[in-house]
Asks: 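Mind having a look at this structure? Questions to follow.
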Amino acid sequence: MSTAIVTCPLCEATCGLEVEHDGPQITAVRGDKLDVFSQGYICPKGVSFKALHDDPDRLTTPLVKRDDVFEEVSWDDAFAEIERRLLPLREKYGNNAVAIYLGNPGAHNLGSLLYGRVLYKALGTQNIYTAGTVDQVPKHFSSGYLFGDPLTIPIPDLDRTSYLLLLGANPLVSNGSLMTAPDIRGRLKGIRTRGGRIVVVDPRRTATADVADEHLAIRPGTDALFLAALTQVLFADKLGDLGRLADHVLGVDEVGELVAPFTPEAVAPIIGITADDIRRVARALAAAESAAVYGRIGTTVQSFGTLASWLVDVLNVLTGNLDRAGGAMFPLGAAGQTNSVPGRRRGFTHGRWRSRVRNLPEVMGELPVATLAEEILAPGDGQVRALLTVGGNPCLSTPNSDRLTAAVEQLDFMVSLDVYLNETSRHADVILPGPLPLARAHFDLLFYQLSVRNIANWTAPAIETELPQEWQTILRLVGIVTGQGADADISAIDDFIAGESARRAGLDVELAGSRTGPARLVDLMLRAGPYDVTLADLEAAPHGIDFGPLQPRLPDVLSTPSGKIELAPPAITVDVPRLVAELERPPDPFVLIGRRQLSSNNSWMHNLAPLVRGSNRCTAHLHPDDAEQLGLADGALALVRSRTGQITVPIEITDTVRPGVVSIPHGWGHGLDGTRGSVASSHAGVNSNILADDLLIDALSGTAVLNGIPIEISAAK
Ligand SMILES: Nc1nc2c(c(=O)[nH]1)N[C@H]1C(S)=C(S)[C@@H](COP(=O)(O)OP(=O)(O)OC[C@H]3O[C@@H](n4cnc5c(=O)[nH]c(N)nc54)[C@H](O)[C@@H]3O)O[C@H]1N2
Ligand SMILES: Nc1nc2c(c(=O)[nH]1)N[C@H]1C(S)=C(S)[C@@H](COP(=O)(O)OP(=O)(O)OC[C@H]3O[C@@H](n4cnc5c(=O)[nH]c(N)nc54)[C@H](O)[C@@H]3O)O[C@H]1N2
Ligand code: SF4
Ligand SMILES: [Mo]
């Protein structure tokens with residue numbers, strides 16, 4: 001029996017876990033009390049590690065589809081199939097004929113984070129789609145233009161703030177996002193214990209609202225109006241105070257002019273929050289000793305996602321709270337952070353290329369997944385004919401899923417790197433599984449850049465696996481794509497990659513000694529990073545290293561062309577007239593929003609029995625007044641329709657949702673033909689993204705509207 005100390009890679013909270021195992025058999029999972037960051041905190045998903053490892057439906061060999069049936073094959077056969085079918089397609093139709101979809105687990109997977117980009121570059125396609133465009137891309141967009149880098153994102157200084165205005169986030173359930181902070185409940189409690197105040201803005205009275213001082217039940221999709229009105233009050237009442245930011249900001253007066261139309265009186269009837277409440281929040285925000293405004297997915301996957309993301313930080317700046325203790329601060333990750341080298345002033349730009357059919361701009365090299373189906377379906381030059389999915393389930397998680405499913409069925413060839421045979425990978429011709437967390441090295445390259453403290457924690461593989469590591473699989477694909485063949489010498493490619501990253505960092509690659517793979521790359525990144533640590537130091541500190549609370553980083557952190565915070569960038573403010581027009585638009589009678597559930601992880605952990613028990617149910621939340629008006633009883637089946645489709649779903653009557661709002665969790669709709677998931681099939685639920693309209697997007701970033709979708713609802717016949 002041994003005990004491994006690992007970082008949980010299932011969500012952004014980066015909790016330390018203590019995993020007892022007997023060889024490959026996991027016997028118990030607990031929170032690691034000695035973890036410098038999480039101090040023993042664990043959630044039900046962390047506990048379910050054992051179920052995940054033991055799941056008999058999880059894939060452990062490559063699968064190749066022959067005559068419509070998946071066969072287990074050797075790795076060599078699987079790669080040979082890819083070489084045989086992918087290369088002629090690329091040859092004939094060009095690089096853009098191969099599209100890539102990158103899903104959420106990739107952000108938590110060191111192998112695909114570090115090596116994936118080599119493959120995507122080798123493929124040379126402009127058709128890269130990611131889960132980011134059903135998630136946080138608006139925040140990258142606004143940060144890119146405000147601060148110069150899409151990953152220069154202000155994070156609420158949770159442990160020191162005295163006023164937290166939280167919009168469209170339910171961290172008590174999601175465990176935080178773009179805000180890495182294990183034990184959110186404890187940290188929020190800390191704010192109130194210090195005498196601070198928490199205000200939650202959400203169309204639902206969430207678990208987070210329950211522990212807050214105040215809940216404002218906003219009408220979905222209207223956060224940008226609310227935030228613009230708060231900003232308007234700051235200007236009208238002269239409440240702004242830039243403090244030490246004054247020397248570092250451009251465009252303040254311009255913002256004042258832009259928000260002038262958004263008076264509390266103009267905005268209140270549309271957003272469902274009174275003018276008095278808007279003024280009161282603006283004043284409290286300005287008066288607080290320190291304050292942080294934070295918006296998450298409720299504010300990004302909506303029609304004004306980028307404007308809302310921008311205004312969140314406009315408020316942080318105008319109240320002088322950006323980059324100061326207790327405000328919204330910039331973390332300094334130990335490894336791989338692009339903004340940690342001062343003086344780089346390339347600035348940010350988007351739209352370097354556009355999607356073929358709908359002419360949507362790329363953002364950070366990615367195109368909106370809302371347009372993937374038509375890129376596959378519309379004939380012509382550049383039509384997508386092959387798809388590679390890497391840890392993603394777009395047939396459940398992206399809008400107009402029925403259309404996307406019909407589209408992927410038409411592909412000439414599809415490869416999925418995935419650990420399950422699910423709603424998306426069932427359409428693949430080849431599936432390549434990877435090892436699960438305990439069998440691989442882990443380091444949260446991304447989330448330590450979004451963390452409420454500066455932390456570093458390395459996880460070595462704790463158990464052995466027969467499966468190749470995902471970075472090795474990716475390098476074999478690189479071999480195929482670059483014409484070296486599936487038998488290419490992947491250690492030579494790995495040496496080349498390490499040599500290049502050392503060279504770029506001005507380091508000698510030999511410093512990393514005999515290490516290879518992700519460990520070598522992370523060691524080099526740590527050596528090039530801002531702290532005096534190497535991988536050996538992290539290996540010697542299994543519970544992590546705490547570099548302390550966030551520190552002010554202005555002006556060095558800025559990489560805009562001016563070297564200042566560009567508060568009114570034209571690339572963002574160009575969308576303000578659309579927001580002004582919104583003041584005249586009559587609200588939709590019913591709109592759909594989502595909700596996350598504690599024991600769920602997007603679409604892919606529903607096959608674990610311990611997680612699908614209890615309250616984790618795919619129901620439509622409906623306000624009692626609406627239920628009465630529609631003649632729907634609790635538990636009755638409702639028919640919910642949108643422009644793109646219809647679903648039948650059981651109703652759960654609850655006054656936690658605003659009238660006019662229907663909330664259905666995403667990621668359900670299992671049990672489809674050809675999938676392998678015995679538990680998920682018996683807790684199938686329905687796919688809410690059948691209702692999400694692929695034509696509704698945030699105008700600037702192309703991010704899908706998944707909250708605030710106009711729907712009709714009635715009793716199912
Ligand atoms: N309506 C609505 N839709 C939404 C959202 C919403 O709030 N409302 N949220 C959106 C958000 S924020 C996100 S991030 C997306 C998520 O969208 P996706 O990333 O497309 O979906 P996931 O359910 O996370 O799918 C993850 C896939 O990765 C596989 N997987 C898990 N671990 C590994 C691994 O280690 N290696 C490999 N190769 N595969 C692995 C799983 O089997 C699964 O197929 O959904 C979005 N969709
Ligand atoms: N347990 C669990 N944890 C997860 C995940 C999961 O599936 N399950 N997914 C992970 C992923 S990929 C992500 S991106 C994060 C997301 O992390 P969060 O953003 O915290 O996720 P949600 O819990 O969906 O919270 C979004 C909230 O926005 C509200 N909302 C909907 N529409 C609007 C609106 O128009 N305005 C406002 N103000 N609010 C609105 C919803 O009611 C909901 O409470 O969670 C991560 N953590
Ligand atoms: S909160 Fe996130 S990181 Fe922590 S145990 Fe749960 S899933 Fe893992
Ligand atoms: Mo996400």
Asks: Please list all pairs meeting salt bridge (charged side-chain N to carboxylate O under 4.0 Å, His left out) that have one or both residues in residues 362-371, counting only residues at least two apart or in different chains.
Replies: R352-E362

Asks: Are R403 and E374 close enough for a salt bridge, meaning some N to O gap below 4.0 Å?
Replies: yes

Asks: Is it true that R643 and D693 make a salt bridge, defined as a side-chain N closer than 4.0 Å to a carboxylate O?
Replies: yes

Asks: Report yes if the side chains of P9 and N109 come closer than 4.5 Å at any heavy-atom pair, otherwise no.
Replies: no

Asks: Nearest heavy-atom pair of I664 and S688: which atoms, and what distance?
Replies: CG2-CB, 3.9 Å

Asks: Could you check whether N170 and T208, counting side-chain N and O atoms only, form a donor-acceptor pair closer than 3.5 Å?
Replies: yes

Asks: Hydrogens and angles aside, do Y93 and D412 bring a side-chain donor and acceptor to less than 3.5 Å of each other?
Replies: no

Asks: Kindly state whether the ring of H683 and the ring of H606 have centres lying under 6.0 angstrom apart.
Replies: no

Asks: Kindly write out the residues that satisfy side chain to side chain donor-acceptor pair (under 3.5 Å) with E71, not counting sequence neighbours, or none if the list is empty.
Replies: R66

Asks: Looking just at side-chain N and O atoms, do S177 and E12 make a donor-acceptor pair shorter than 3.5 Å?
Replies: yes

Asks: Is it the case that R426 and T405 place a side-chain donor and acceptor less than 3.5 Å from each other?
Replies: no

Asks: What residues, two or more places apart in sequence or in another chain, satisfy salt bridge (charged side-chain N to carboxylate O under 4.0 Å, His left out) together with E409?
Replies: none

Asks: Does R85 make a cation-pi contact with F413, if we ask for NZ or CZ under 6.0 Å from the ring centre and within 45° of the axis?
Replies: no

Asks: Roughly how far, to the nearest 0.5 Å, is CD1 of I593 from NE2 of H621?
Replies: 10.0 Å

Asks: Give, for atom CG of L592 and atom CD1 of I709, the distance between the pair rounded to the nearest 0.5 Å.
Replies: 4.5 Å

Asks: Mind checking whether F79 and W75 have parallel, tilted or perpendicular rings, split at 30° and 60°?
Replies: tilted

Asks: Please check if any side-chain donor atom of N607 sits under 3.5 Å from a side-chain acceptor atom of D55, or the reverse.
Replies: yes

Asks: May I ask you to check whether H140 and Q136 show a side-chain donor-acceptor distance below 3.5 Å?
Replies: yes

